[in-house]
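Just below is one structure, and these are the notes that go with it.
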Number of protein chains: 2
Amino acid sequence: MRVTLKDIAEKSGYSITTVSRALGGFDDVNEGTRKRIVTIADDMGYQPNLIARQLRDRRTNTIGIIAPMNIESAEDDFFNILIKGIAHTASLHRYDLLISAQLPSHDEMDAYRRIAGGNRVDGLIVARTYRDDPRIAYLSSNNIPFVVSGRSAPGETSDFHYIDVDSQTGLRLAVEHFVDYGHQHIGLILPPAHLAFTAYRLKGYQDGLDGAGLPFREEYVTYGDLHRESGQQQAEALIQAHPELTAIIACNDLMALGAMRGVRNCGLRVGEDIAICGFDDIPAAQHVTPTLTTIYQPIFEIGEGLTTRLLNVISQEAPIEKGILLDPQLVIRESSGKKRV
Amino acid sequence: MRVTLKDIAEKSGYSITTVSRALGGFDDVNEGTRKRIVTIADDMGYQPNLIARQLRDRRTNTIGIIAPMNIESAEDDFFNILIKGIAHTASLHRYDLLISAQLPSHDEMDAYRRIAGGNRVDGLIVARTYRDDPRIAYLSSNNIPFVVSGRSAPGETSDFHYIDVDSQTGLRLAVEHFVDYGHQHIGLILPPAHLAFTAYRLKGYQDGLDGAGLPFREEYVTYGDLHRESGQQQAEALIQAHPELTAIIACNDLMALGAMRGVRNCGLRVGEDIAICGFDDIPAAQHVTPTLTTIYQPIFEIGEGLTTRLLNVISQEAPIEKGILLDPQLVIRESSGKKRV
DNA sequence: TTGTATGCGTTATCAA
DNA sequence: TTGATAACGCATACAA
């Protein structure tokens with residue numbers, strides 16, 4: 001059986017209280033008894049029951065994240081790296097990370113109610129905001145500490161702590177870059193419409209076209225699901241329907257990688273026939289052939305920042321400014337091809 | 001404040017016990033009162049305090065894993081995918097996953113004592129066994145449920161539940177494949193020596209050479225740290241020191257990907273001048289150019305299997321046969337180049 | 001059908 | 001310097 005304070009108390013002849021305080025290092029316990037108790041505790045291999053402590057303290061030293069964890073998401077390096085940043089930083093502050101896998105078949109809000117409402121964590125990190133996000137509404141109205149990767153959709157208020165990249169500007173930069181390289185017909189593969197950042201990226205795309213005096217054509221815009229496969233499918237569909245396209249921007253690197261394959265499947269060359277740009281700058285972007293032009297965002301550091309921010313919120317020392325909007329950075333690589341004259 | 005059974009009891013006029021049983025769906029409570037209580041609970045937004053429940057039930061419905069989670073490990077798709085498999089399967093059984101990041105600066109055993117000894121989880125998954133693994137010794141001697149990805153080093157007993165791939169055979173297959181393709185001088189990049197599977201892979205390499213009547217040359221064998229960088233460095237070092245090498249086997253795909261770059265840095269072509277083989281078959285293996293020959297192991301499924309196994313152990317229904325040894329599978333791709341005559 | 005009492009393991013308050 | 005007691009929130013054995 002597991003060793004408890006009671007066991008040590010019995011063995012040592014002291015009360016549970018004294019044992020607790022001796023082990024807790026309080027100075028109101030006699031040095032001799034402290035030593036005796038500590039020795040016995042070590043001998044018995046005592047480990048405090050963290051659950052009991054959590055109940056008593058009403059705090060878990062754990063932060064939570066509810067995330068897609070199926071096999072399709074295995075390649076989703078944005079999430080993989082974000083989680084590493086979170087877990088790493090949490091660990092530095094002696095916090096653990098509770099991960100609840102979000103199965104497509106399960107109601108996501110149930111998970112939030114269970115984990116957050118059930119006191120399993122001191123706070124949560126919400127990733128990939130939705131338009132009119134019910135998770136945020138729930139956490140806000142229940143005063144559960146949380147921080148968000150991403151902000152609300154345009155037009156909604158973002159009255160919570162978040163870190164986001166200004167992806168509207170990011171997309172504009174990508175379009176400007178392609179225009180500068182001589183492209184007139186630029187396709188766009190968006191994330192699912194219910195995600196908040198999708199609207200920003202679409203706006204950035206339009207901004208870029210506007211600035212260049214190019215027309216916005218709805219038929220050049222398509223939606224993927226952020227995974228590799230859909231990038232390929234959408235790219236192939238775009239190319240087949242609109243042979244005049246010479247460039248495609250995919251709204252995350254994974255879809256961009258898929259798009260590269262789609263380009264090849266159409267018998268075209270990436271960079272030379274069709275330029276490709278992604279978003280995120282996951283490691284694969286610089287290792288793929290040809291290397292992938294993309295919008296960089298510091299994913300690991302965002303995970304770090306979200307975590308320190310969340311710990312601040314938990315300990316009620318949250319800074320006044322709630323949102324942090326990072327500048328995106330265009331990283332030009334081989335998939336841009338050469339400037340056309 | 002947070003709603004408890006007590007609050008509902010007061011509001012409804014029933015006792016805590018009755019409330020508890022009404023909400024628990026027991027049939028020894030009057031249908032009318034049940035309805036009344038449920039309504040009030042819903043109105044008040046009641047969520048059971050899971051921590052209290054865990055303390056009371058002495059069970060957490062959580063499994064744990066202690067894993068490296070720094071930025072260097074971000075690309076470590078073996079772990080990324082394994083964790084997805086674990087979290088996914090856990091979720092299917094209504095279990096959550098507690099991740100504790102293992103910082104290089106922290107004592108790993110402390111984490112095990114804290115998490116496992118501290119009752120935070122019902123069981124643990126141990127990944128990447130060490131030679132003479134203290135984690136396994138600790139968990140075994142404390143009767144804490146656990147399962148292991150990987151088995152003990154050769155010569156040690158593996159008296160615990162594990163799933164492993166027969167990587168000795170895997171390496172032998174890789175060598176035989178390269179020999180068949182006409183290679184006589186095959187370099188090897190091993191994982192760190194303290195990992196248990198390193199010895200198996202080295203033995204498989206030797207088996208392959210023996211079977212082909214080729215001499216084992218210690219100078220063809222080098223050690224990496226499983227990351228991309230070290231694959232590159234070790235490959236470059238091997239090639240420079242031994243220009244007669246025409247093939248290199250790296251013991252995981254990430255190092256193999258690094259090795260591919262190393263080959264190029266030496267002015268050579270992957271596949272044509274130097275054949276490369278990896279181990280794991282992470283997604284990148286089939287997406288890199290040229291595609292990577294490797295030893296396949298079903299990582300996600302291993303995560304699934306480990307988890308169901310662990311849940312069996314936790315509920316005391318563990319099968320008799322403790323270990324599962326999977327057959328490795330050689331996947332030949334472009335990095336093998338063409339058969340030489 | 002409902003309520004009382006007890007315990008899970010810990011820590012803090014207060015009295016001795 | 002030490003110990004008895006209570007509380008965290010829940011669920012059960014047992015009594016009514």
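Naming: A, B, ... by sequence-line order, numbering from 1 per chain. Source: prediction; values computed, not measured. Below, all heavy atoms of this structure are taken into account, side chains as well, without hydrogens, waters or symmetry copies.
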If we count only N and O atoms by modelled type, under 3.5 Å, do the side chains of A/Arg131 and A/His194 hold a donor and an acceptor together? no
Check the phosphate of D/dG3 against A/Thr18, side-chain N and O only, distance under 4.0 Å to OP1 or OP2. Yes or no? yes
Counting only distance, no hydrogens or angles, is the base of C/dT4 paired donor-acceptor with the side chain of B/Thr17 under 3.5 Å? yes
Just one of A/Ile136, A/Val121, A/Ile314 clears the side-chain contact (heavy atoms from CB on, under 4.5 Å) bar with A/Phe146, so which one? A/Ile136
Rounding to a whole Å, what distance do you find between B/Gln54:CD and C/dT10:P? 15 Å
Distance test, side-chain N/O of A/Arg53 to OP1/OP2 of C/dT11, below 4.0 Å: yes
Nearest-Å distance, CD (A/Gln47) to C1' (C/dT10)? 14 Å
So, does B/Ser15 get its side chain near the phosphate of C/dT2, meaning an N or O under 4.0 Å from OP1 or OP2? no
For atom CG of A/Asp57 and atom P of C/dC8, their distance in whole Å: 19 Å
Below 3.5 Å, does any donor atom in the side chain of B/Arg21 face an acceptor in the base of C/dG3, or the other way round? yes
Testing the 3.5 Å rule here: is there a donor-acceptor pair between the side chains of B/Thr89 and B/Thr307? no
Select one nucleotide: of C/dT11, D/dC10, C/dT2, the one nearest the side-chain heavy atoms of B/Ala52. D/dC10
Nearest-angstrom distance from the residue atom CG of A/Leu5 to P of D/dA7: 20 Å
So for A/Arg56 and C/dT11, does any side-chain atom that can act as donor or acceptor lie under 3.5 Å from a complementary atom in the base? yes
Taking the nucleotide of DNA chain C with the nearest heavy atom to each, does A/Phe26 or B/Arg58 sit closer to the 5' end? B/Arg58
Rounded to whole Å, please give me the gap between CD1 in B/Ile16 and C1' in D/dA13. 16 Å
Check whether any side-chain nitrogen or oxygen of B/Tyr46 sits under 4.0 Å from OP1 or OP2 of D/dG9, and answer yes or no. no
Just checking A/Ile51: base, sugar-phosphate only, or nothing, at a heavy-atom cut-off of under 4.0 Å? nothing
Taking the ring of A/Phe300 and the ring of A/His88, is the distance between their centroids below 6.0 Å? yes
Once you round it to whole Å, what is the distance between C1' of C/dA12 and CG of A/Asp27? 15 Å
Under 3.5 Å donor-acceptor pair, A/Thr4 side-chain atoms to C/dT10 base atoms: no
Any donor and acceptor pair, going by atom type alone, linking the side chain of A/Thr62 with main-chain N or O of A/Thr60 inside 3.5 Å? yes
If only side-chain N and O atoms of B/Ser20 are considered, is one of them under 4.0 Å from the OP1 or OP2 phosphate oxygen of D/dA11? yes
How is A/Asn49 classified with respect to the nucleic acid when contacts are heavy atoms under 4.0 Å: base, sugar-phosphate, or nothing? sugar-phosphate
Answer with base, sugar-phosphate or nothing: what part of the nucleic acid does A/Leu55 contact at a heavy-atom distance below 4.0 Å? base
For B/Asn30, report the nucleic acid contact type (base, sugar-phosphate, nothing); a contact means any heavy atom under 4.0 Å. sugar-phosphate
Could you check whether any side-chain N or O of B/Asn30 sits under 3.5 Å from a backbone N or O of B/Gly32, counting only pairs where one atom can act as donor and the other as acceptor? yes
B/Asp28 CG to D/dA13 C1', straight-line distance once rounded to whole Å: 12 Å
